[in-house]
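Count residues from 1 along the sequence. Being a predicted model, the structure only gives us computed values, none of them experimental.
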Amino acid sequence: MSAGQRGMTTKQKAYIALTATSLIWGTTWVASKIGVQKTPALEVASIRQFIAGSLYVVFFFFIKKLPLPTPRQLGWLTFMGILMFVSSNGIATMGLKYISSGLGALIAALYPLCVVLIETIFFKNKKITLLTFTGIILGIGGIGVVFYDNAFHNHSEGYVLGIILSLIAMLTWSVATIFIARKKADINPYYATGWQMLISSVILFCMVLITGDHIPLAAIPAQTWGALTYLILAGSIFTFVAFIYSMKHLEPAIASLYAYINPIVAILVGSLVVNEKLTLNILIGSVITLAGVYLVNKSIKQKEESPVAREADAM
């Protein structure tokens with residue numbers, strides 16, 4: 001098999017991983033919403049990260065025989081764990097106490113735009129073309145159409161707090177993604193994920209104890225444990241492996257497109273499982289969103305195929 005054929009096979013696997021990330025992570029918004037209905041949000045997040053992180057660490061440390069992280073690596077893992085799992089996951093889970101799972105996914109969909117803007121403003125290495133900008137605006141605008149009624153008319157108690165928490169989670173996820181791409185730690189990325197989850201679970205447990213917002217483990221209902229099982233196995237294990245794989249083998253702008261698909265999945269599954277609103281706006285917004293995804297994809301391919309881009313990559 002030639003190098004080109006091997007590259008094509010890896011690319012195909014990366015797109016499959018991206019598809020899995022897009023679909024399954026969409027459903028985890030609904031699972032999280034179910035989980036926090038009868039159990040404090042931070043407690044749900046801490047249990048999820050502790051069990052998932054332990055599974056990762058046990059597998060790689062005891063079965064794969066990888067060494068313990070060095071003090072320097074532990075510092076990096078702690079920093080990334082705070083960004084990705086204490087903030088991005090933990091705070092986003094808190095936000096779902098006050099807003100719908102679909103709206104939480106909608107706010108998370110702002111992540112690709114934030115990544116592009118941060119890299120453009122602070123690193124000066126991304127040029128936003130008109131086609132890319134149009135695609136991103138269409139993608140976000142389409143999701144906005146889907147949730148127009150919820151966003152502007154049906155404000156529940158704590159709605160604004162839920163929006164703020166979700167925005168903080170989205171911003172920290174964007175920053176974490178850029179750090180991962182630019183400052184890779186010399187450690188297996190999946191092993192690193194396990195340590196980040198485990199470390200973040202300890203921080204989350206401390207936050208739970210400080211706030212006093214928790215219930216005894218024995219009092220956690222079966223509904224929450226069912227949601228946690230799905231979140232751990234599908235969301236934290238399988239899909240996170242797929243996400244890292246797609247990030248490693250696809251352009252960041254392409255790998256981040258899952259964020260546009262997640263809200264659509266959350267909308268459809270949420271309407272079936274937790275009776276979230278399903279209207280004509282969802283259909284219209286979905287078409288607009290997919291059109292935006294297509295334009296962003298097209299703009300990336302045009303940049304890759306342009307002589308100027310190839311010449312710059314060769315320098």
| query | Are V269 and L233 in one and the same hydrophobic cluster, where Ile, Leu, Val, Met, Phe, Trp and Tyr link if side-chain heavy atoms are under 4.5 Å apart? | reply | no
| Sub-4.5 Å side-chain heavy-atom contact between H249 and K11 | no
| said: Clusters formed by hydrophobic residues whose side-chain heavy atoms approach within less than 4.5 Å: which one holds F238, and what are its other members? | reply: I24, Y230
| task | Please round to the nearest 0.5 Å and tell me the distance separating atom CD1 of I203 and atom OG of S46. | result | 12.0 Å
| request: Could you tell me whether the side chain of K97 and the main chain of V36 form a donor-acceptor pair under 3.5 Å? | output: yes
| message | Within a 6.0 Å radius of atom NZ on K38, are there more than 12 heavy atoms belonging to other residues, nucleotides or ligands? | response | no
| request: Look up atom OG in S166 and atom CD1 in I107, then write down how far apart they are to the nearest 0.5 Å. | output: 4.0 Å
| Should T193 and I244 count as side-chain neighbours, where that means a heavy-atom distance under 4.5 Å? | yes
| request: Go through the steps for I178 and V175 under the test side-chain contact (heavy atoms from CB on, under 4.5 Å), then give the verdict. | output: CA-CA 5 Å; I178 293 172; V175 173; 5.9 Å; no
| query | Run the side chain to side chain donor-acceptor pair (under 3.5 Å) check on T172 and S88 step by step: do they pass? | reply | CA-CA 6 Å; T172 53; S88 298; 3.0 Å; yes
| query | Have Q73 and D186 got a donor and an acceptor in their side chains that come within less than 3.5 Å? | reply | no
| remark: Heavy-atom closest pair (A227 atom, A31 atom, distance to 0.1 Å) is CB-O, 3.4 Å
| Spacing of CG belonging to L209 relative to NE2 belonging to H214, to within rounding of 0.5 Å | 5.5 Å
| query | Taking the side chain as C-beta and beyond, is there a heavy-atom pair between L66 and I187 under 4.5 Å? | reply | no
| Heavy-atom closest pair, residues L96 and S101 | CD2-CA, 3.7 Å
| message | Is there a side-chain contact (heavy atoms from CB on, under 4.5 Å) between L74 and I199? Walk through the geometry before answering. | response | CA-CA 9 Å; L74 276 176; I199 292 169; 4.2 Å; yes
| request: Describe, in one word, how the ring planes of F85 and F240 are oriented to each other, choosing from parallel (under 30°), tilted (30 to 60°) and perpendicular (over 60°). | output: tilted
| request: Dump the intermediate steps for side-chain contact (heavy atoms from CB on, under 4.5 Å) on I82 and Q196, then the final yes or no. | output: CA-CA 8 Å; I82 291 172; Q196 288 166 16; over 6 Å; no
| query | Does a sphere of radius 6.0 Å around CZ in F205 hold more than 12 heavy atoms from other residues, nucleotides or ligands, not counting ones at 6.0 Å or beyond? | reply | yes
| field | Co-membership, hydrophobic cluster, residues L272 and L268, 4.5 Å side-chain | value | no
| query | Minimum heavy-atom separation for G158 to Y98, with atom names? | reply | O-CB, 3.1 Å
| note | Nearest heavy-atom contact between I237 and A52 is CD1-O, 3.9 Å
| So do the side chains of V241 and Y56 get within less than 4.5 Å of each other, counting heavy atoms only? | yes
| With a 4.5 Å limit on heavy-atom distance, are the side chains of Y15 and I254 in contact? | yes
| field | Atom pair OG/CD1 of S201 and I51 - distance to nearest 0.5 Å | value | 9.5 Å
| said: To the nearest 0.5 Å, what is the distance between CG on L106 and CD1 on I163? | reply: 8.0 Å
| said: Less than 4.5 Å apart, side chain to side chain, heavy atoms only: is that true for S54 and L198? | reply: yes
| field | Close side-chain approach of M84 to S200, heavy-atom, < 4.5 Å | value | no
| note | Between V30 and A266 the two heavy atoms that sit nearest each other are CG2-O, 3.8 Å
Identify all side-chain donor-acceptor contacts of residues 135-146 below 3.5 Å with residues at least two apart in sequence or on another chain.
none

| Do Y191 and F62 belong together in a cluster built from hydrophobic side chains that touch within less than 4.5 Å? | yes
| Are F59 and L77 joined in one hydrophobic group, where the rule is that I, L, V, M, F, W and Y side chains link up if heavy atoms are under 4.5 Å apart? | yes
| message | Are V86 and L204 packed together at the side-chain level, in the sense that at least one heavy-atom pair is separated by less than 4.5 angstrom? | response | yes
| field | Q223 side-chain N/O to I34 backbone N/O, donor-acceptor pair under 3.5 Å | value | yes
| request: Might you work through the side-chain contact (heavy atoms from CB on, under 4.5 Å) test for T39 and I215, ending with a clear yes or no? | output: CA-CA 7 Å; T39 306; I215 61 176; 4.2 Å; yes
| task | Could you state whether L83 and I164 fall into the same hydrophobic cluster, counting links through intermediate Ile, Leu, Val, Met, Phe, Trp or Tyr residues with side-chain heavy atoms under 4.5 angstrom apart? | result | yes
| How many angstroms lie between atom CZ of R48 and atom OG1 of T224, to the nearest 0.5 angstrom? | 13.5 Å
| field | Smallest separation among heavy atoms of N262 and G26, with atom names | value | OD1-N, 3.5 Å
| Who passes side chain to side chain contact (heavy atoms under 4.5 Å, CB included) against T21, sequence neighbours left out? | W25, T239, A242, F243, Y258
| query | How about F50: does its CZ atom have over 12 heavy atoms from other parts shown lying under 6.0 Å from it? | reply | no
